[in-house]
Protein chains: 2
Amino acid sequence: MCHKLKEVGYKLTPQRLTILKIMSERTDHPNPDTIYSALKMQLPTTSPATVYKTLAILKKLNEVLEIQYSNERNRYDGINPLPHPHISCIKCHNFSDLNLMAYENLLEKMERQTGYKIHSMNLLIEGVCPDCQ
Amino acid sequence: MCHKLKEVGYKLTPQRLTILKIMSERTDHPNPDTIYSALKMQLPTTSPATVYKTLAILKKLNEVLEIQYSNERNRYDGINPLPHPHISCIKCHNFSDLNLMAYENLLEKMERQTGYKIHSMNLLIEGVCPDCQ
DNA sequence: CTGCATGCAAATAGTTTGCATGACG
DNA sequence: CGTCATGCAAACTATTTGCATGCAG
């Protein structure tokens with residue numbers, strides 16, 4: 001991530017480095033506010049604007065995946081920035097990746113079926129997880 | 001729709017009837033603002049609040065499907081209120097249903113694979129439609 | 001030392017809420 | 001005629017923007 005930022009000409013500030021670290025470590029798909037809280041722990045004078053600006057950059061560089069989540073705020077995945085399916089529990093709000101073997105095939109199949117040149121396929125499943133049932 | 005509303009005890013006001021009409025006729029998955037504009041044509045003194053309140057009711061009664069659409073505002077499908085996949089063109093912003101034959105099978109398969117009791121599966125594909133290529 | 005990044009505050013946009021008036025049943 | 005719905009305005013929330021100051025390169 002650092003390399004990519006530098007390469008494209010962005011400065012490596014402490015704020016950005018910290019956000020990169022957070023995004024590359026967390027597996028829980030944090031939203032901007034969660035990221036801001038984590039960032040503030042280490043840099044108390046930071047602002048939400050910095051988080052939003054940095055996420056925008058990372059998103060543009062495809063270093064982070066933005067995930068729509070019901071009517072809640074967006075979540076971000078900095079570990080696997082390629083579009084992939086997610087599953088979320090409506091009770092405990094657990095939010096995790098979903099390994100769907102047929103996913104890649106599906107994409108090609110869809111292109112053939114629709115004639116579209118597909119840029120992204122977003123699949124979000126919501127339900128009640130085994131523990132909450 | 002009317003029947004369902006009455007049944008559950010909601011009053012059939014001109015505003016609601018007009019919104020129901022709009023939602024049952026439009027195939028373009030309008031957002032709240034589009035619905036409000038269409039409503040205002042027939043009832044000029046109406047307000048956005050009424051649209052939001054009515055959509056909330058219809059959504060709760062499963063008479064309308066709410067669709068997440070990238071970072072744009074939600075869209076609503078009053079014709080087929082059951083969750084189903086959508087495909088959208090990032091150039092002309094066409095937004096349409098997608099007939100995906102394997103969809104129902106996929107749901108059962110997912111329940112078996114994940115152990116979740118699935119409430120909804122939202123699939124949104126974005127790309128460039130044949131006309132825009 | 002030059003320009004981009006930060007952080008604050010203000011602005012914006014979408015949606016929700018409170019409440020007085022009005023209309024459905 | 002009682003109750004619920006409406007419509008306005010204000011509140012609210014999340015995000016974006018403008019701008020003066022500060023720091024990376």
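In what follows, chains are A, B, ... by sequence order, proteins preceding strands, each numbered from 1.
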May I have the distance from Lys40(A) (atom NZ) to dT6(C) (atom P), rounded to whole angstrom? 17 Å

In whole Å, I'd like the distance from the OH atom of Tyr69(A) to the P atom of dA14(D). 15 Å

Would you kindly give the CD1-to-C1' distance between Ile19(B) and dA5(D), to the nearest whole Å? 11 Å

On DNA chain C, check which nucleotide each of Thr13(B) and Leu43(A) is closest to and give me the residue with the more 5' one. Leu43(A)

Taken to the nearest whole Å, CZ/Arg16(A) to C1'/dA5(C) is 6 Å

Reckon Gln15(B) has a side-chain N or O less than 4.0 Å from the OP1 or OP2 of dG7(D)? yes

Phosphate oxygens OP1/OP2 of dC8(D): is one of them under 4.0 Å from a side-chain N or O of Ser47(B)? no

Which nucleotide, dA5(D), dT6(C), dG7(D), lies nearest any side-chain atom of Thr50(B)? dG7(D)

Students often get this wrong, so: under 4.0 angstrom with heavy atoms, is Pro48(B) touching a base, only sugar-phosphate, or nothing? nothing

Would you call the rings of His29(A) and His84(A) parallel, tilted or perpendicular, taking 30° and 60° as the class edges? tilted

When you compare the side chains of Asn122(A) and Gln68(B), does any donor N or O come within less than 3.5 Å of an acceptor on the partner? no

Whole-Å distance separating the OH atom of Tyr52(A) from the P atom of dT6(C): 16 Å

Take the protein atom OH of Tyr10(B) and the nucleotide atom P of dC4(D), then report the distance between them rounded to whole Å. 11 Å

Can you tell me whether the side chain of Lys6(A) and the base of dG25(D) have a donor-acceptor pair closer than 3.5 Å? no

Would you say the side-chain atoms of Glu63(B) pair up with the backbone N or O of Pro81(B), donor to acceptor, closer than 3.5 Å? no

Rounding to an integer number of Å, can you tell me how far Arg73(B) CZ sits from dT15(D) C1'? 15 Å

For Leu61(B), is there any backbone N or O sitting under 3.5 Å from a side-chain donor or acceptor partner on Lys4(B)? yes

With side chains defined as the heavy atoms from C-beta onward, is the minimum distance between Asp97(B) and Ile79(B) less than 4.5 Å? no

For the pair made of NZ in Lys11(B) and P in dG22(C), what is the distance, rounded to whole Å? 15 Å

